[in-house]
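The structure appears below as C-alpha cells.
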There are 2 protein chains.
Amino acid sequence: MDLDRSLVSGSMALLVLKLLEERDLYGYEMMETLRARSDDTFHLKAGTLYPLLHGLEEKGLVTAYEREAAAGKPRRYYHLTDQGRCALTEKEASWQRYARAMHRVLKGGACCAGA
Amino acid sequence: MDLDRSLVSGSMALLVLKLLEERDLYGYEMMETLRARSDDTFHLKAGTLYPLLHGLEEKGLVTAYEREAAAGKPRRYYHLTDQGRCALTEKEASWQRYARAMHRVLKGGACCAGA
DNA sequence: CCCTCCTATATAGATATTCGATATATCGGA
DNA sequence: TCCGATATATCGAATATCTATATAGGAGGG
C-alpha cells in the first residue's frame, strides 16, 4: 500500500505540516491546536510529535528556532520551509486521492450494489 | 491516536469487511475487486491480505469455507458473520469521523484561516 | 519439454508509525 | 511542599503493512 504507508499511517506528518502552513508553532501548541481543530478527534501525543518534528527537520521540511516564553521552559518554534510546503502539497493531494478511493469503495457496496 | 491506530492504519480490514458485505469472496478476488473499485488506488498485497483474513477469522468476524475452482487450486471463500457486520458498521463510523476531522484541519488553514 | 506467467494461498522477516512510560525543568496554586 | 500544567525529549513496545519466498496447478511460448 504505497499510498497508505506513507500517508494514512503517516497522516500526523501531514497534519503538522498543515498547521505550520499558517504560522510558526511550537510542539506543545501543535498538540492543542490539532485537538481543537479536529474537534477532539486527533490526540497527538508528545511521544509521537517530538520525534516526528526531529524527522521533519532532518528532511529539511521545517527549521527550528528557540524562543524564551514569558514563563517556563523556552519554546522551540518550527517554521515551514519551501521544501516543506512542497511536501505538504503532495501529501494533501495523496490524502484526497486516498479519501476519494475509500469513499468509492464504501459507497459501492451496501444494498443495490451495482458492482 | 486511538482512532488512528486501529482504524486508519487498519483501513484494510474495513475495506475487506466492506467487500464481504455484498457477497462471499476468496482472497485473490478481493485484491482485484479492491483495486478495481478504488480506481487502482489500493494495491492490497497477498502478504498483507492473507494474514489479515486469518486474523478476522480468529476474531469471529468472518468464517471460511473451501470450494474447488474449475481449474487451479481450490479457493478459500470468506463469509461475513453477524459479528463482522457489527464491526463493519463501527469501523465505517470511525472512518467517517476520522475523514471529517482531517477535512476540518486541512480546510481550516491556508489563507483566511479563521482558526 | 521446459520455462515463465497467471491464478491462489501461505509464512517469515523487515520497516515504519504511533503509543505508553519515563525523564528533565519551571512555574503557580493548594 | 507536593502536585499539576507547561514544555521538550528519548526509549521500548505494539501494530500494520511490505518484500521476499514457498507451494501448487494450468496455460502459452520457445
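Chain A is the first sequence line, chain B the second, and so forth, proteins listed ahead of strands; every chain is numbered from 1. Quick caveat, the model's predicted, so the values are computed rather than measured.
- For the pair A:Arg67 and A:Tyr77, the cation sits on the ring face: its NZ or CZ lies under 6.0 Å from the ring centre, inside 45° of the axis.
- The side chain of B:Pro51 sits closest to C:dT11 out of D:dT10, C:dT11, C:dG20.
- Following rounding to the nearest Å, A:Met30 (CE) and D:dT6 (P) show an atom-to-atom distance of 16 Å.
- Salt-bridge formation is detected for the pair A:Arg37/A:Glu22: a Lys NZ or Arg NE/NH1/NH2 atom is positioned less than 4.0 Å from an Asp or Glu carboxylate oxygen.
- Between A:Leu49 atom CG and D:dT6 atom P there is a gap of 15 Å when expressed in whole angstrom units.
- Atom NZ of B:Lys45 and atom C1' of C:dT15 are 14 Å apart (whole Å).
- Under the side chain to side chain donor-acceptor pair (under 3.5 Å) criterion, B:Glu68 pairs with no residue, sequence neighbours left out.
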Nucleotide by nucleotide, 5' to 3', does protein get under 4.0 Å of the base (B), only the sugar-phosphate (S), or neither (-) in nucleotides 4-10 of chain C, counting heavy atoms? ---SBBB
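- Between the C1' atom of C:dA16 and the CE atom of A:Met12 lies a distance of 14 Å, rounded to the nearest Å.
- Atom CG in B:Leu56 sits roughly 15 Å away from atom P in D:dT15 (whole-Å rounding).
- Going from atom CG of A:Leu15 over to atom NZ of A:Lys91 covers 10.5 Å, rounded to the nearest 0.5 Å.
- With respect to B:Glu90 and B:Arg85, no salt bridge is recorded, no charged nitrogen being found less than 4.0 Å from a carboxylate O.
- For B:Glu68 and D:dG25, the CD to C1' distance is 12 Å, given to the nearest whole Å.
- Rounded to whole angstrom, the span from the CZ atom of A:Arg67 across to the C1' atom of D:dT8 amounts to 17 Å.
- Here the NZ-OG1 distance, from B:Lys18 to B:Thr89, works out to 8.0 Å after rounding to the nearest 0.5 Å.
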